[in-house]
Amino acid sequence: YLVLVPPRHPKGIPAVPFWVTLIPFWRDVDQSETFKAYLEEPLRTHGAVKIFFGAQWNILVHRPRYLAELFKHEDVYQKSGNQKKIPHSVLAAFLGDNIISSHGSTWKRYRQVIKPGLQRTFETELLARNAARLCDLITSASGGVHGARAVAVQDLLQRYTIANIGDAVLQTDFGVSCSFLPTVGTTLTSGLTIHKLQTSLKQQIFKPVFMNFPFLDTLPIPSRLAARLTVSEFKDELTASLVRAHGKADGLGGPPGGELGARLLAARRSGELTETQFRDNLTVLYVAGQENPQIGLISTLYLLAQHPEAQERLLAEMRSPGGAGYGKPEPEPTHEALQHMPYLASVVYESLRVLPPLSQLINRRAASDVVLGDGDGLRIPRGTYLGYHCYSTHRDTDCWGPDADRFRPERWGDTMEDIQRFYRLKRTRAEFVTFHGGNRACLGERFAVLELKVTLFMLTRRFAWQLDPTWPNKMTPAGPLFPRALRLVFKEREEW
Ligand code: HEM
């Protein structure tokens, strides 16, 4: 019982009642409403709250000034993932010790292997080819070119983003193309397995009661034993797909260049990564590289569905003289073309601001007693877990103006230079924290932004879309915050 009583320190910041994170257990809720009812006011007023999650009390930070400090002092606010926080949980077994959650020399070793594979220039052709298939699939799900059937987009986008992370980042065919387009004949079935295992895993892992009381995972509860089994099957399948794609079981396919799949296999072979480290890092790269863009895409399509004028402006940007598609029968989203699409860049940044794919994160731990912030500083006791509420920070009217809640791409600027300058400023001030910050900022940002741009380019060229009027406009109840089971109605353009 005592664990449910909020700690006294830090003083001066309120505690959200412990049962708030458990509400989805007994009631079907929209977590944007839970945020408004229980978190928004205390976060804004005090800059942080105490929140019960993962069997303990944590500090959830909202104020950018505090966040900037959190990002800057990596050795004080050390990364501490589930493998340390809740080591016996199913979640810890799933993601293990990896580049996102590790600290110090272990993190540096992982980063040495992974960074060159993510910070290279990615080709747009592969992404554009998959996006064209996604469009075909949408047409078919709509009931043909003139069809108007509502399309459930989440599953399609899951397959699409699996195809992208496989083709472009890990150089591994997860076989989703066979389910992607039934007419493409392929003998591969592994992708279907990955896709299915992943869907099943998500349902098993993100259950509020087990997230909040992970000690339950140590009991022989049949559903948790089944979840552990799914975790091992998933990791086995992922490893097998990578090895298969690279030809040889130990990845002896020559020295690795910038390609991430080959680099991971080479590190496993040389002993730079143990077998467990290899599997954990592969899993986290797959999950971060596929799930986050998938959620980002769902949210962006949702926001654009509510803003037909923004879709039309995107189209106009492509069609205008000097635009990517001016005078071309089939414009392609090349790097050069995207470089001349400031409105597209604004739409992507604005979507990632209004609905950040990782709305809340708690993964740092104070290594000593410390004061966060000057003057009005919070005295944080050693061992306290800290995290941040991205969704809340991004809607702070002090940082983003009185219309912070509104989707308004224009706020980013008119030219590419202005937009990039504003973006850098907002990141430095920790007012835009979608991709985290400091040394531990996301390594996949460049790829993710490119994927979002290419997808929007191809979808806008072909369709206009709106919300299905029968879809009950609701956000997910727990976990990442995004439109739940989104359904859209697509209308094929007569001419692009
Ligand atoms: C819209 C898409 C994405 C978002 C919103 C996002 C967000 C984030 C965030 C918030 C973190 C910090 C995580 C934490 O502290 O727990 C992070 C770290 C990371 N992300 Fe992403 N991410 C995205 C896409 C990707 C992609 C596509 C990849 C790889 C293919 C990737 C790879 C990584 C890696 C390797 C790190 C760890 C960096 C480090 O600690 O050195 N991310 N990302």
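In this text, all values refer to a predicted model and were calculated from it rather than measured experimentally.
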- Message: Between the side chains of Asp396 and Arg44, is the shortest nitrogen-to-carboxylate-oxygen separation below 4.0 Å, so that they form an ion pair?
- Response: no
- Message: Just checking Lys72: does its NZ atom have more than 12 heavy atoms from other residues, nucleotides or ligands closer to it than 6.0 angstrom?
- Response: no
- Task: Show your working on ring pair (Phe, Tyr, Trp, His ring centres under 6.0 Å) between His307 and Phe407 and close with a plain yes or no.
- Result: CA-CA 8 Å; His307 291 273; Phe407 175 78; 5.0 Å; yes
- Do Gln171 side-chain atoms and Val169 backbone N/O form a donor-acceptor pair below 3.5 Å? yes
- Message: According to salt bridge (Lys or Arg N to Asp or Glu O under 4.0 Å), who are the partners of Lys36, at least two apart in sequence or on a separate chain?
- Response: Glu40
- Query: Going by distance alone, is a donor N or O of one side chain under 3.5 Å from an acceptor N or O of the other, for Ser346 and Glu410?
  - Reply: no
- Going by an N to O cut-off under 4.0 Å, is there a salt bridge joining Arg353 and Glu431? no
- Note on the structure: All heavy atoms of Gly377 vs all of Val371, minimum pair found to be CA-CG1, 3.8 Å
- Please list all pairs passing the ring-ring contact (aromatic ring centres under 6.0 Å, His included) test where one or both residues lie in residues 355-381, with sequence neighbours left out. none
- Measure across Arg63 and His46 and return the closest heavy-atom pair with its distance rounded to 0.1 Å. NH2-C, 3.4 Å
- Partners passing ring-ring contact (aromatic ring centres under 6.0 Å, His included) against His62 (at least two apart in sequence or in another chain): none
- Beyond-backbone contact of Gln204 with Ser223, side-chain heavy atoms, under 4.5 angstrom: no
- One should read off an interatomic distance between Thr172 OG1 and Ile162 CD1, to the nearest 0.5 angstrom, of 12.5 Å
- Item | Side-chain ion pair, Arg279 and Asp97, N-O less than 4.0 Å | no
- Spacing of Leu386 atom CG and Gln78 atom CD [to the nearest 0.5 Å]: 12.0 Å
- Side chain to side chain, Thr434 and Pro357, heavy atoms closer than 4.5 Å: yes
- Note on the structure: For Ser32 and Met475, the nearest pair of non-hydrogen atoms, with its separation, is OG-CG, 3.8 Å
- At what distance, to the nearest 0.5 angstrom, does OG1 of Thr161 lie from CD of Glu451? 6.5 Å
- Provide the closest heavy-atom pair for Arg228 versus Asp217 in the form atom of the first, atom of the second, distance. NH2-O, 3.2 Å
- Can you name the nearest heavy-atom pair linking Asn473 to Gln306, along with the distance? ND2-NE2, 3.8 Å
- Lys/Arg cation over aromatic Trp400: Arg395, 6.0 Å, 45° cone: no
- Message: Checking the side chain of Thr476 only, and the main-chain atoms of Phe482 only, is there a donor and an acceptor separated by less than 3.5 Å?
- Response: yes
- Message: So, taking the atom named CZ in Arg224 and the one named CG in Leu216, what distance separates them when rounded to the nearest 0.5 Å?
- Response: 8.5 Å
- Item | Side-chain heavy atoms of His195 within contact of Asp155, under 4.5 Å | yes
- Message: Here's one to test your reading of the geometry: is the NZ or CZ of Arg268 within 45 degrees of the ring axis of Phe278 and under 6.0 Å from its centre?
- Response: yes
- With sequence neighbours left out, write down each residue that passes ring-ring contact (aromatic ring centres under 6.0 Å, His included) with Tyr38, or none if nothing qualifies. Trp19
- Query: Going by atom types alone, do Asn439 and Lys79 pair a side-chain donor with an acceptor below 3.5 Å?
  - Reply: no
- Task: Could you tell me which residues satisfy side chain to side chain contact (heavy atoms under 4.5 Å, CB included) with Thr283, sequence neighbours excluded, listed by chain and number?
- Result: Phe94, Leu95, Phe234, Lys235, Leu238, Val287
- When you measure from the side chain of Lys50 to the backbone N and O of Pro7, does any donor-acceptor pair fall under 3.5 Å? yes
- Message: Could you check, using the six-membered ring where one of them is a Trp, whether Phe432 and Trp412 have ring centers closer than 6.0 angstrom?
- Response: yes
- Message: Apply side chain to side chain contact (heavy atoms under 4.5 Å, CB included) to residues Gln198 and Tyr286 and explain how you reach the verdict.
- Response: CA-CA 11 Å; Gln198 194 174 347; Tyr286 173 90; 2.6 Å; yes
- Task: Compare all side-chain heavy atoms of Arg487 with those of Thr470 and state whether any distance is below 4.5 angstrom.
- Result: yes
- What residues form a ring-ring contact (aromatic ring centres under 6.0 Å, His included) with Tyr110, not counting sequence neighbours? none
- Query: Going by heavy atoms in the side chains, are Pro64 and Thr393 under 4.5 Å from each other?
  - Reply: yes
